[in-house]
Amino acid sequence: MKLLLDTHLLLWAAGQPRRLPAAARKLLADADNELLFSAVSVWEIAIKRGLDRDDFQVDARVLRRGLLDNGYVELPMRSDHAVAIDGLPPIHKDPFDRMLIAQAMVEGIILLTTDPLLAQYPGPVRRV
């Protein structure tokens with residue numbers, strides 16, 4: 001199964017695995033699952049680190065390289081993902097999270113999240 005990690009799960013998986021919920025650790029450890037990260041998450045991390053947010057202090061370049069070196073597959077941002085946002089209900093206002101939802105829908109992959117608001121979207125979202 002293809003799993004797209006939301007930004008916080010991605011940060012925890014890469015640098016603070018003890019923060020991952022048990023259900024997420026189990027899914028990430030399953031060799032049958034293909035783990036993906038979005039260019040959108042790397043963009044979000046770079047922007048929020050530049051704003052000096054305490055929860056986004058990782059270097060996006062180092063994170064990206066580490067993810068690729070550990071077998072994660074990068075999902076690029078494309079225009080079909082961008083236009084899919086138009087059809088989303090206005091549940092969540094965070095543009096990065098909305099883009100992750102749109103990517104998961106267009107690609108037919110599961111978005112993993114701990115965010116209860118994000119998990120309200122219809123479609124391929126799984127709260128862990």
Side-chain angles (χ1 to χ4, degrees):
M1 156 170 57
K2 290 185 177 187
L3 303 172
L4 176 62
L5 279 67
D6 79 359
T7 305
H8 277 98
L9 282 176
L10 198 62
L11 287 168
W12 296 341
Q16 298 176 307
R18 69 187 180 285
R19 291 191 68 184
L20 288 169
R25 281 195 299 270
K26 184 177 179 181
L27 289 167
L28 273 59
D30 186 338
D32 290 333
N33 291 334
E34 183 178 357
L35 304 177
L36 292 91
F37 71 97
S38 174
V40 170
S41 290
V42 176
W43 178 31
E44 178 180 15
I45 292 164
I47 287 173
K48 291 182 178 177
R49 182 176 188 219
L51 296 173
D52 205 26
R53 288 261 310 256
D54 288 340
D55 53 342
F56 289 90
Q57 289 304 306
V58 67
D59 183 320
R61 287 176 195 83
V62 173
L63 175 66
R64 180 181 179 274
R65 181 75 278 158
L67 291 167
L68 291 170
D69 289 348
N70 283 286
Y72 283 72
V73 175
E74 183 172 359
L75 178 60
M77 168 62 183
R78 298 191 319 254
S79 60
D80 58 338
H81 300 150
V83 297
I85 288 177
D86 186 43
L88 294 178
I91 296 170
H92 204 305
K93 297 195 186 300
D94 184 306
F96 298 108
D97 286 342
R98 290 175 60 80
M99 182 55 69
L100 293 174
I101 286 286
Q103 285 185 297
M105 292 174 84
V106 169
E107 298 298 322
I109 57 180
I110 296 170
L111 175 63
L112 290 183
T113 186
T114 59
D115 184 338
L117 196 57
L118 195 53
Q120 290 180 26
Y121 277 96
V125 183
R126 182 168 175 183
R127 186 174 175 204
V128 289

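Residues: numbered from 1 along the sequence shown. Worth knowing before you read on, the calculation uses all heavy atoms, side chains too, and leaves out hydrogens, waters and symmetry mates. Note that the structure is predicted; figures quoted are calculated from it, not measured.
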Is it possible for you to say whether [X] and [Y] belong to one hydrophobic cluster, with membership spreading through side-chain heavy-atom contacts below 4.5 Å?
X	Y	result
L100	I85	yes
L117	M105	yes
M77	Y72	no
I47	L10	no
W12	V42	yes

Would you say that [X] contacts [Y] through its side chain, given a criterion of any heavy-atom pair below 4.5 Å between the two side chains?
X	Y	value
D59	R49	yes
L112	R127	no
D30	K26	no
L5	L28	yes
L27	R126	yes

Margin query: Counting neighbours of CG on D80 that are heavy atoms of other residues, nucleotides or ligands and sit closer than 6.0 Å, is the number greater than 12?
Written below: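 Result for CG/D80: enclosed.
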What closest approach, in Å, do [X] and [Y] show between heavy atoms, and which atom pair accounts for it?
X	Y	answer
V106	A84	CG2-CB, 3.6 Å
Y121	R98	OH-NH1, 2.9 Å
V125	A119	CG1-CA, 3.7 Å
I109	L4	CD1-CB, 3.9 Å
L118	H92	N-CD2, 3.8 Å
M99	A82	CE-CA, 3.7 Å

Checklist line | Evaluation steps, side-chain contact (heavy atoms from CB on, under 4.5 Å), between K2 and L36 | finding: CA-CA 7 Å; K2 290 185 177 187; L36 292 91; 3.8 Å; yes
Item checked: Verdict with supporting geometry, V128 and T114, side-chain contact (heavy atoms from CB on, under 4.5 Å) -> CA-CA 5 Å; V128 289; T114 59; 4.3 Å; yes
Check: Are R19 and L11 close enough, and set up right, to give a side-chain contact (heavy atoms from CB on, under 4.5 Å), and what steps lead you there?
Finding: CA-CA 10 Å; R19 291 191 68 184; L11 287 168; over 6 Å; no
Could you tell me the separation between the [atom1] atom of [X] and the [atom2] atom of [Y], rounded to the nearest 0.5 Å?
X	Y	atom1	atom2	answer
T7	E44	OG1	CD	4.0 Å
R61	I45	CZ	CD1	13.0 Å
D69	R64	CG	CZ	10.0 Å

Next item on the list: Could you check L68 against F37 for side-chain contact (heavy atoms from CB on, under 4.5 Å), going step by step and ending with a plain yes or no?
Entry: CA-CA 9 Å; L68 291 170; F37 71 97; 3.9 Å; yes
Notebook entry, point to check: Got a donor-acceptor contact below 3.5 angstrom from the Q103 side chain to the P76 backbone?
Noted result: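 It does hold such a pair.
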